[in-house]
Protein chains: 4
Amino acid sequence: MTDDIARKLKAAAARLFTQHGYTATRVADIVANAGVAQGTFYLHFENKPSLFVALIDEFFAGLIEETIARHPAKRLQTGEHLSAEVEEIWMTIIRYGRKHDILTRLVLREAHALRPEQRAHINRHFEQGADALARYLEDAQQLGLVKNLPARLIAWLLVGMIERAMHYAVFVAPNAPSVSLAGHCTEFELLGLLEPSAARTGGES
Amino acid sequence: MTDDIARKLKAAAARLFTQHGYTATRVADIVANAGVAQGTFYLHFENKPSLFVALIDEFFAGLIEETIARHPAKRLQTGEHLSAEVEEIWMTIIRYGRKHDILTRLVLREAHALRPEQRAHINRHFEQGADALARYLEDAQQLGLVKNLPARLIAWLLVGMIERAMHYAVFVAPNAPSVSLAGHCTEFELLGLLEPSAARTGGES
Amino acid sequence: MTDDIARKLKAAAARLFTQHGYTATRVADIVANAGVAQGTFYLHFENKPSLFVALIDEFFAGLIEETIARHPAKRLQTGEHLSAEVEEIWMTIIRYGRKHDILTRLVLREAHALRPEQRAHINRHFEQGADALARYLEDAQQLGLVKNLPARLIAWLLVGMIERAMHYAVFVAPNAPSVSLAGHCTEFELLGLLEPSAARTGGES
Amino acid sequence: MTDDIARKLKAAAARLFTQHGYTATRVADIVANAGVAQGTFYLHFENKPSLFVALIDEFFAGLIEETIARHPAKRLQTGEHLSAEVEEIWMTIIRYGRKHDILTRLVLREAHALRPEQRAHINRHFEQGADALARYLEDAQQLGLVKNLPARLIAWLLVGMIERAMHYAVFVAPNAPSVSLAGHCTEFELLGLLEPSAARTGGES
DNA sequence: TATGAATGAGACTTCATTCAT
DNA sequence: GATGAATGAAGTCTCATTCAT
């Protein structure tokens, strides 16, 4: 019952934040949309930012659980394994973003409307994501599957790719098949852009 | 004189937005920091968001000018050329971000605190960036230098990489040499992560 | 059972009103401190102010009963009698204040936090006290024991003295022996401050 | 100009606090009564309680200045002097209360509606008053004009008398001549209530 | 009788913007 | 052009009270 109200509030908030922006959405709008009284809001959330943070936390918890958490790099053995796994992860990410498109919008576009205190909390999610990716890369490097580029830098580049891949999959080309998106992302990530024939005549030496 | 005041206001605003966030920064703070009266603000800017937008516009104008605008892909001939140019662009980007670190922070972290109307304006910058990158890629594809991956998707992935490369260069590792960062970004972008030896046994085949 | 809850609520309220002030104390705090549910409060008291009023009423009922009610002036015959009785009353007052120190604080310091309606009720207690004192004085005046000063004015001055004597006995010097306090109050009340020798040279003539 | 607004706000607030009580008076009422905008209030006072405190401070500053500050006990020489001076002080007090009747009501009846923090500030005024009276008494005791009763206790009793004398002069008998009120208060304070003839037969020995 | 989740009116305060000087 | 005092709309949060269980 109680949980039901919290859920309704979160759903309404996610919708409104996405539509009108975090700042422009008033608590009054949220409760009106959720069909409860103004005061009820404060029985379930400390205040407006804390509801936002709860939404963001949920998004990241789900994303982490469905991706990195399920794919420890240690088990990898060949480049083929890696390739398949990376593609699977890209697929999961894209599907996750599309399934939770409102939350995705929220994380990608609204997360910065908060005050520094809460923003720090959110940035920590990104840092944790980067950390997890860096660890994954280091493991794969030790297995000789991945080049010896600085793992933390690459991890952050991957974070950026993921953000924009989700952006693309949700906003730019919402109808592009997930499979092909995941395939392209994988190829770009693992093999780069350079046409092999061109590389032969003049790659990174 | 007039221009001087506008500049002081912009500088103060950039500093304060970066430090305390856009929402938490009051016009009163900006004018106090710029050493002018409250009313003076409105002689130089229409309102608070429009000052923000002016800052963002400046950032993008400068970035575009120093990067893509100077590097029409048409002139490329070999993979080596491409590789050198890409590296130069990465270098420029990283140096630009570090030189204008406050504005960089602003664009990366504050741009979403605005109302939808202004945010649309800002998103247009990103879209234009993605468009320019896509055109560049298509040109390079026609020259046979770049793989035939979907240009718009890749362009957005590159946008994400650029955002996070700047983030990394400014916040995470502000002392890492720009040259090596640019080199790593280039290698990742053009050749991917897969260790060639591993690729042989099991790449994308 | 029911009475027990009402008592627990009153005790908790008295403590909290005293500590944090009437306004700052929420019904939620009171019930939490009393260990009952929010709704239960309203089974025992009409609302928050009425609980306060009940506490005040109790205080005054007890005080009146132990002091004036027991000492009809009519029985007095000599100044010595009067003196002894006045001292006894002072003693009772001081002891009463110290025994019910929380309620005393409440009456002296919180009684004004209420809305005009309830405040009128409380002021009536003070007026009744002043009335009783005035009657006592008039009786004593008729017996020739007390000077012919206007009884109502003096009664109010005595009310002020009593308030502050309690204040002194409870807050300022909680360890001063009641006996000596009562003695000093009595001497001041009956004989005034003027040193007799000084009075001779220049009193009220 | 600015001061004018502050004065208007204070006057309106004093009136409304007195009439409806501090708690029941909204900032909206005050500004409406003063004829300024809601926001203007906060240009002149930090918040509602701080306006209240300013009013109280004014009252006490004026009262202290017109009474104790003008009457250093050291100059006294005879009981007659003392008597005349005490009467003058009583007169001043009564007139002050009647002149500033609204503020008097405020101090006597509303001062407790505040939160503990501000109340502490107000109690300090009473304590300072008591201190000043105690010093005065001690000086007079050293001159042999006043009995050796404990000065601090008596000071507080006098505080109580003053509070209620003002109360009486303003609320109970607003038309009683100040001169006679001051005379009665003086006689009570200096000589007490006991009829001298009765005292002879049985005073405090 | 007891519960405690839900209510919703209402107050304070902030702050972008204006405009008379 | 510059000033800064004044504006007032608007939003967050509190908390006494109710009522279905």
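Chain A is the first sequence line, chain B the second, and so forth, proteins listed ahead of strands; every chain is numbered from 1. No hydrogens, no waters, no symmetry mates; every other heavy atom, side chains included, goes into these values.
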A correct dot-bracket answer for DNA chain F, with pairs being Watson-Crick or G-U at under 3.5 Å, [ ] for crossing pairs and | for inter-strand pairs, is .||||||||||||||||||||
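C/Val36 comes within 4.0 angstrom of sugar-phosphate atoms only, judged by non-hydrogen atoms across all strands, and of no base.
Straight-line distance from the CG atom of B/Leu9 to the P atom of F/dG1: 13 Å, rounded to whole Å. Straight-line distance from the CZ atom of A/Phe45 to the P atom of F/dT14: 16 Å, rounded to whole Å. Protein atom CG of D/Asp29 is 14 Å distant from nucleotide atom P of E/dT13, rounded to whole Å. As rounded to whole Å, 17 Å separates atom C1' of E/dT14 from atom NE2 of B/His20. Atoms CD1 (B/Ile30) and C1' (F/dG4) sit 16 Å apart, rounded to a whole Å. The distance from atom NZ of B/Lys8 to atom C1' of F/dG1 is 14 Å, rounded to the nearest whole Å. Counting to the nearest Å, the P atom of F/dC15 and the CG atom of A/Leu43 are 13 Å from each other.
Counting heavy atoms from C-beta on, the side chains of B/Asp57 and B/His121 come closer than 4.5 Å. For the pair B/Tyr22/B/Leu106, no side-chain contact is recorded, criterion being any heavy-atom separation below 4.5 Å from C-beta on.
For A/His44 and E/dA5, the shortest distance from a side-chain N or O to OP1 or OP2 is not below 4.0 Å.
The local environment of CD in B/Glu46 is sparse, with at most 12 non-hydrogen atoms from other residues, nucleotides or ligands closer than 6.0 Å.
In terms of modelled atom types and a separation under 3.5 Å, the side chain of B/Thr25 and the main chain of B/Leu16 share a donor-acceptor contact.
Contacts of C/Lys10 classified as salt bridge (charged side-chain N to carboxylate O under 4.0 Å, His left out), with partners at least two apart in sequence or in another chain: C/Glu58. Partners of A/Arg119 by salt bridge (charged side-chain N to carboxylate O under 4.0 Å, His left out), not counting sequence neighbours, listed by chain and number: B/Glu110. Remark: B/Arg26 pairs with B/Asp29 by the salt bridge (charged side-chain N to carboxylate O under 4.0 Å, His left out) rule, at least two apart or across chains. Applying the ring pair (Phe, Tyr, Trp, His ring centres under 6.0 Å) rule to C/Phe60 yields the partners C/His125, C/Phe126; only residues at least two apart in sequence or on another chain are considered.
Between D/Phe45 and D/Phe41, the ring planes lie tilted relative to each other; the angle falls in the 30° to 60° range.
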Please tabulate, one pair per line, each protein N/O and nucleotide N/O from nucleotides 15-17 of chain E that are separated by under 3.5 Å, including the distance.
from   : atom 1 : to      : atom 2 : distance (Å)
E/dC15 : OP2    : B/Arg26 : NH1    : 3.4
E/dA16 : OP1    : B/Lys48 : NZ     : 3.4
E/dA16 : OP2    : B/Val27 : N      : 2.8
E/dT17 : OP2    : B/Tyr42 : OH     : 3.1
E/dT17 : OP2    : B/Lys48 : N      : 3.2
E/dT17 : O4     : B/Gln38 : NE2    : 3.0

